[in-house]
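Contents: one structure, followed by commentary.
If you're wondering where the values come from, they're calculated on a predicted model, not measured in any experiment. Side chains included, hydrogens not; waters and symmetry mates left out as well; all remaining heavy atoms used. Sequential numbering from 1 along the given sequence is applied to the chain's residues.
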Amino acid sequence: MLHQMNELIIYRVKEEDLLMQMAQALAMDGEAGQQRSLIYKTVKHLLDMATQYGWNHNLWHCALCAHLLMDENSYTLSKERRKEPLNGSIQTFLLHDMELFYSLFHYDFEPISKRLNLNCFAILSNYQAIAKREEMMDETMGKMIMDTAVKLAQAPDAKAMMAILDAFYETYGTGRFAFHKAFRIKETMEGCHFVAIRNYPDISLEHLIGYEEQKQELMMNTEAFLQGKQANNVLLYGESGTGKSTSIKALGNRYYKDGIRLIEIHKHQFHLLQDIIQQIKTRNYGFIIYMDDLSFEEDETEYKYLKAVMEGGLEVRPNHMLIYATSNRRHLVRETWRDRNDFHEDQDLHISETMAEKLSLAARFGISIYYGKPNAKEYQHIVKELAKREKLEGYDEATLWQLANAWELRHGGGSGRCARQFIDYLRSQSGAKK
């Protein structure tokens, strides 16, 4: 097995990777006890991966498949979400690697198991994991790897394996962006790092009751973006709790298979925007940079990083990247009476020009969509629809509205969020489970 790992060309395996550790453990020369110990150490690593991703059945096949789907190499990146075949000399190297992986998928662990008196490989080939809560594992990624691993193990030859992998790359891509709908940003010494959001909310635009025109405008812009047509950055503004953030998050579910990926970034991270662009500009997805509750105080200057990226910077914003933001403020920047004076006690004598620069940020969003607070009739409709959706029983319409109205008065006014919290409260009183 070790020589097979070392002879890979396109899908090279790093020394610290699980596959290489297993190969080195199996090829170890020396005392049997030491080899057994090294094998058990590698098996522990494999079990940890199974726990992280929720793997079942053949864990060795899952580990091999994970490498094939996650490896961002010259071939997989070129194939990412592209239907056309890639011809040329690389096909020869690709087939070479696939023949090695075909033999790895069918590797016989029986001889070493007998020699070292091991039963771990028999268990790993038909592993039954204990039940775990979804939030404890990366279930979506784990299932995609398991399903593809089964197909690869059943492939009759290396060429058939190539076809299975090509179909995956064409649909989902490769590496970190293939499996997840959204990411947050973590700053490290080397720059920014994408952290996958493993438990993405299972929401759709249909979950948001009302705001049909707003949702339609948002979808039209997003679909134009996916089709390579002219699309705009979007600002969703209005009252708190009206569904602005829900609308954007729902896009991640609706258009995941079409290639939309959300990247959430916070105001204090705006200086990383250029680094983010550098990392995504060669990837074949539609990236939406998501900024929630965007606003600036008068002494904050982070907006300049955002403004430079949206328009006016030396480096052009990639065509496959848009910025979608939510805010309670139409103009994003808090304006005070002092801002309106042409003279300031500090050294900035042209404060009106400074304020104009801040306010011009909102103009960088080609589309602004207003989410207003629902009136009494609209709020009542939201409550009724949510109650129907949750199958709440024991409340006639008059009683439901009376309770909803009292809840609204106690909780700062009616909104979609307020209605959702009210329905959740009724469900808790009835003992209903999530």
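Judged by distance alone, the side chain of Thr174 and the main-chain N or O of Asp71 form a donor-acceptor pair under 3.5 Å. Counting only distance, with no hydrogens or angles, the side chain of Asn253 and the backbone of Pro201 share a donor-acceptor pair below 3.5 Å. Put simply, the side chain of Lys79 never gets that close to the backbone of Ala167: no donor and acceptor are under 3.5 Å apart. Between the Arg184 side chain and the Ile197 main chain, no donor and acceptor come within less than 3.5 Å of each other. Remark: side-chain polar atoms of Glu378 are not paired, donor with acceptor, to backbone N or O of Gly210 under 3.5 angstrom. Formation of a donor-acceptor pair under 3.5 Å by the Glu80 side chain with backbone atoms of Asn284 is found in this model. Using modelled atom types, one side-chain atom of Arg81 and one backbone atom of Thr171 make a donor-acceptor pair closer than 3.5 Å. No donor-acceptor pair closer than 3.5 Å links the side chain of Glu239 to the backbone N or O of Tyr371. Put simply, the side chain of Thr222 gets close to the backbone of Leu218: a donor and an acceptor are under 3.5 Å apart. A donor-acceptor contact shorter than 3.5 Å is absent between the side chain of Asp17 and the backbone of Met20.
A 6.0 Å sphere centred on CD of Glu213 holds no more than 12 heavy atoms belonging to other residues, nucleotides or ligands. Residue Gln402 qualifies as open at atom CD: its count of foreign heavy atoms under 6.0 Å is 12 or below. By the neighbour-count criterion of 12 heavy atoms within 6.0 Å, atom CD of Gln421 is densely surrounded, having more than that number from other residues, nucleotides or ligands. Atom OH of Tyr425 has 12 or fewer neighbouring heavy atoms from other residues, nucleotides or ligands inside a 6.0 Å radius. The environment of Gln230 atom CD is sparse: at most 12 non-hydrogen atoms of other residues, nucleotides or ligands sit within 6.0 angstrom.
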Check step by step if ring-ring contact (aromatic ring centres under 6.0 Å, His included) holds for His320 and Tyr285.
CA-CA 7 Å; His320 66 310; Tyr285 297 92; 8.8 Å; no

Stepwise, does the salt bridge (Lys or Arg N to Asp or Glu O under 4.0 Å) test hold for Arg420 with Asp424?
CA-CA 6 Å; Arg420 175 76 265 176; Asp424 287 343; 3.0 Å; yes

Is there a side-chain contact (heavy atoms from CB on, under 4.5 Å) between His193 and Phe183? Walk through the geometry before answering.
CA-CA 10 Å; His193 177 67; Phe183 301 80; over 6 Å; no

Can you check side-chain contact (heavy atoms from CB on, under 4.5 Å) on His45 and Met49, steps first, answer last?
CA-CA 6 Å; His45 186 180; Met49 291 183 67; 4.1 Å; yes

For a side-chain contact (heavy atoms from CB on, under 4.5 Å) check, start with the C-alpha distance between Met321 and Ile289, then their side-chain angles and the critical distance, and finish with the verdict.
CA-CA 7 Å; Met321 181 189 111; Ile289 307 298; 3.8 Å; yes

Full working for side-chain hydrogen bond (donor to acceptor under 3.5 Å, both in side chains) between Tyr200 and Thr140
CA-CA 10 Å; Tyr200 194 75; Thr140 301; over 6 Å; no

Could you walk me through whether Ser245 and Asp292 satisfy the side-chain hydrogen bond (donor to acceptor under 3.5 Å, both in side chains) test, starting with their C-alpha distance in whole Å, then the side-chain angles of each, then the deciding distance to 0.1 Å, before giving a yes or no?
CA-CA 7 Å; Ser245 300; Asp292 192 31; 2.5 Å; yes

Check the pair Glu206, Arg389 against salt bridge (Lys or Arg N to Asp or Glu O under 4.0 Å), reporting the backbone distance first and the verdict last.
CA-CA 11 Å; Glu206 289 72 26; Arg389 185 179 295 170; over 6 Å; no

Criterion side-chain contact (heavy atoms from CB on, under 4.5 Å) on Thr76 and Ile10, from CA distance to verdict:
CA-CA 9 Å; Thr76 60; Ile10 298 175; over 6 Å; no

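Ser240 OG to Asn328 CG: the interatomic distance, rounded to the nearest 0.5 Å, is 5.5 Å. Going from atom CG of Leu64 over to atom CG of Leu104 covers 5.5 Å, rounded to the nearest 0.5 Å. Between atom NZ of residue Lys281 and atom CZ of residue Phe287 there is a gap of 13.0 Å, rounded to the nearest 0.5 Å. Interatomic distance, Leu59 CG to Cys65 SG, rounded to the nearest 0.5 Å: 12.5 Å.
Between Thr326 and the options Ile369, Ile248, Leu294, a side chain to side chain contact (heavy atoms under 4.5 Å, CB included) holds for only Ile248. For the ring pair (Phe, Tyr, Trp, His ring centres under 6.0 Å) with Trp60, the lone residue among Phe121, Phe109, Tyr107 that qualifies is Phe109. Phe179 pairs in a ring pair (Phe, Tyr, Trp, His ring centres under 6.0 Å) with only one of the listed residues (Tyr172, Tyr256, Tyr53, Phe168), which is Phe168.
Side-chain contact between Ile288 and Ile260: present, with at least one pair of heavy atoms (C-beta onward) separated by less than 4.5 Å. The side-chain heavy atoms of Leu272 and Tyr305, taken from C-beta on, include no pair separated by under 4.5 Å. Arg283 has its side chain within reach of Glu72: a pair of non-hydrogen atoms, C-beta onward, lies under 4.5 Å apart. Two residues are said to be in side-chain contact when any heavy atoms from C-beta on lie closer than 4.5 Å; Gln21 and Glu15 fail this criterion. Using a 4.5 Å heavy-atom cutoff, the side chains of Asn405 and Tyr379 are not in contact. No side-chain heavy atom of Ile185 sits less than 4.5 Å from a side-chain heavy atom of Asp275. For the pair Val234/Leu322, no side-chain contact is recorded, criterion being any heavy-atom separation below 4.5 Å from C-beta on. Here the side chains of Tyr11 and Met98 are in contact, with some heavy-atom distance below 4.5 Å.
Taking the six-membered ring for Trp and the full ring otherwise, the centers of Tyr370 and Tyr237 sit less than 6.0 Å from each other.
Between His106 and Tyr102, the ring planes lie tilted relative to each other; the angle falls in the 30° to 60° range. Taking the six-membered ring where tryptophan is involved, the planes of Trp407 and Phe422 are tilted, since the angle between them lies from 30° to 60°.
A pairwise comparison of heavy atoms in Pro374 and Gly416 identifies CG-N, 4.5 Å as the closest pair.
Salt bridge annotation for Lys44-Asp48: present, with a cationic side-chain nitrogen under 4.0 angstrom from a carboxylate oxygen.
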